[in-house]
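Read through the structure below, which is laid out as structure tokens, and then see the notes.
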Amino acid sequence: MNKKAFLESYADLLGWVVLIIGIIMWLIIITFTNLQVKSSIKEKVEYLNNEEILISILKSEVNSKETYSDLIVNSYINKKDDVLKTYTQETLDPVFGKLKSVCWRIYINDELFSKEDCGDILSEPFLDSSVILPLPKYFHEDTITLRIEVPGFVR
Amino acid sequence: MSKMNMKNKIGAMFMVLLAAFFFVFPILFGLRIVLEKHKSNFEKTIGETQLVLLKTYEKGETVLYYIDESARLALKDTIDEIGLINIDLHNQSSIAEILTKFKLNFYEYLQKYPYGGIQLYMENYEFILDRNDKTFELIGKTDEKLIIGIVNNNAIVFKQNNAEEYEKIGYYYMNPSFRINIAIE
């Protein structure tokens with residue numbers, strides 16, 4: 001092979017290589033540009049638990065000797081909730097139910113202890129808070145986790 | 001060097017550079033898209049940290065409420081143990097007896113709190129006891145700080161107990177002083 005023929009075949013080879021690389025490049029670009037990167041803003045709504053409201057309710061006086069938390073603890077110890085039901089309704093209605101009576105549920109250690117049936121449940125409850133309360137020494141349990149939920153209105 | 005040789009060399013160099021450019025460019029471009037696709041979302045939403053802070057404040061209030069209630073129960077127990085008739089707040093030894101028993105009862109109630117108990121030192125408290133016809137009033141003053149971790153879950157994490165196990169934004173400091181009233185029956 002003379003020198004001129006060699007140079008021409010070398011140039012042809014380079015031409016093919018560049019052509020192949022060019023085709024691959026375009027294939028890659030077309031493939032990846034189809035995979036569009038999408039970003040979206042995710043909405044996340046969180047609420048405070050309003051434990052302060054619950055604590056204020058628990059501190060309210062039922063009579064000259066008892067607070068509402070005493071009433072709950074005594075009701076739990078004595079396994080009777082009739083007085084608690086009456087007082088709970090009288091306490092929660094002025095706070096949350098200006099026009100209609102509210103419904104409520106009292107859970108102690110995650111078990112339903114007392115309730116007022118609901119007719120109209122709101123998407124977001126008026127109150128859903130919990131606190132830990134100490135129990136008197138003479139009782140066999142040390143503490144209770146009290147949760148009060150006010151999900152809506154009565155029928 | 002001949003003119004033809006020179007042209008070939010320049011052409012070859014140009015083609016190599018062009019090929020490298022076209023080869024590297026798509027790879028970088030593709031890599032960028034792949035990385036963008038696999039990039040995780042924002043770790044936190046807007047306002048999440050502020051909400052965690054407010055929730056920690058609420059948790060702190062429940063702890064302080066537990067301390068108040070423990071003090072009330074402890075004082076009731078103390079009065080029951082000593083007997084109302086034997087309590088004389090004009091007598092220093094009577095006050096000392098009440099406070100000694102109260103501290104033991106109070107400490108016992110605090111230890112019963114879940115999450116490892118509330119660790120408060122009774123010797124750091126200054127107690128002021130008062131009485132009128134219908135109520136006993138007890139003020140417990142302290143400069144001690146009760147510290148809870150600002151954590152992104154519902155647990156109450158005391159620095160003194162188990163704070164190292166959790167990932168925290170910081171610590172929230174509370175003053176566990178209290179003022180309680182109990183009715184005399």
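To find a chain, count down the sequence lines: A is the first, B the second, and so on, and within it residues start at 1.
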Approximate separation, where rounding is to 0.5 Å, of B:Thr62 OG1 and A:Glu52 CD: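 Atom-to-atom, B:Thr62:OG1 and A:Glu52:CD are 10.5 Å apart.
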From B:Lys112 atom NZ to A:Ile132 atom CD1, the distance as rounded to the nearest 0.5 Å: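 Answer rounded to 0.5 Å: 14.5 Å.
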Taking [Y] as the starting point, is it possible to reach [X] by hopping between hydrophobic residues whose side chains are less than 4.5 Å apart?
X        : Y        : result
A:Val83  : A:Val62  : yes
B:Ile98  : B:Ile182 : yes
B:Tyr121 : B:Ile139 : no
B:Leu110 : A:Ile144 : no
A:Leu71  : B:Tyr65  : yes

Can you tell which part of [X] gets under 4.5 Å to a heavy atom of chain B, answering side chain, backbone, both or neither?
X        : value
A:Thr145 : neither
A:Ser64  : backbone
A:Leu58  : both

Heavy-atom side-chain contact between B:Asp68 and A:Lys59 under 4.5 Å: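 Yes. Closest side-chain heavy atoms under 4.5 Å.
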pair B:Tyr113-A:Pro134: side-chain heavy atoms closer than 4.5 Å: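 The answer is no; the side chains never approach within 4.5 Å.
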[atom1] ([X]) with more than 12 external heavy atoms under 6.0 Å:
X        : atom1 : value
B:Lys145 : NZ    : yes
A:Asp82  : CG    : yes
B:Lys134 : NZ    : no

Chi angles and distances behind the side-chain contact (heavy atoms from CB on, under 4.5 Å) call for B:Leu73, A:Lys137: CA-CA 8 Å; B:Leu73 285 177; A:Lys137 265 199 282 189; over 6 Å; no
A:Leu133 to B:Tyr66 - nearest heavy-atom pair and separation: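 Closest heavy-atom pair between A:Leu133 and B:Tyr66: C-CE1, 3.9 Å.
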Hydrophobic cluster partners of A:Leu13 (side-chain heavy atoms under 4.5 Å):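 Result for A:Leu13 is none, singleton.
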Contacting moiety of B:Ile184, where chain A heavy atoms sit under 4.5 Å: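 Answer is backbone: N, CA, C or O of B:Ile184 sit under 4.5 Å from chain A.
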With sequence neighbours excluded, residues passing ring pair (Phe, Tyr, Trp, His ring centres under 6.0 Å) with B:Tyr172: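 Applying ring pair (Phe, Tyr, Trp, His ring centres under 6.0 Å) to B:Tyr172 gives none.
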Any pair counted as side-chain hydrogen bond (donor to acceptor under 3.5 Å, both in side chains), so long as it reaches residues 71-80 of chain B, sequence neighbours left out: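 Listed once each, the pairs are A:Asp70-B:Arg72, B:Glu69-B:Arg72, B:Asp77-B:Tyr109, B:Thr78-B:Asn105.
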Option that, when pairs with chain B are counted at under 4.5 Å, heavy atom only, ranks first among A:Asn50, A:Val131, A:Ile55, A:Thr67: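 The option with the most such pairs is A:Ile55.
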Chain B-proximal positions within residues 107-122 of chain A [heavy-atom distance under 4.5 Å]: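 When heavy atoms of chain B are the reference, residues 107-122 of chain A contributes no residue within the under-4.5 Å range.
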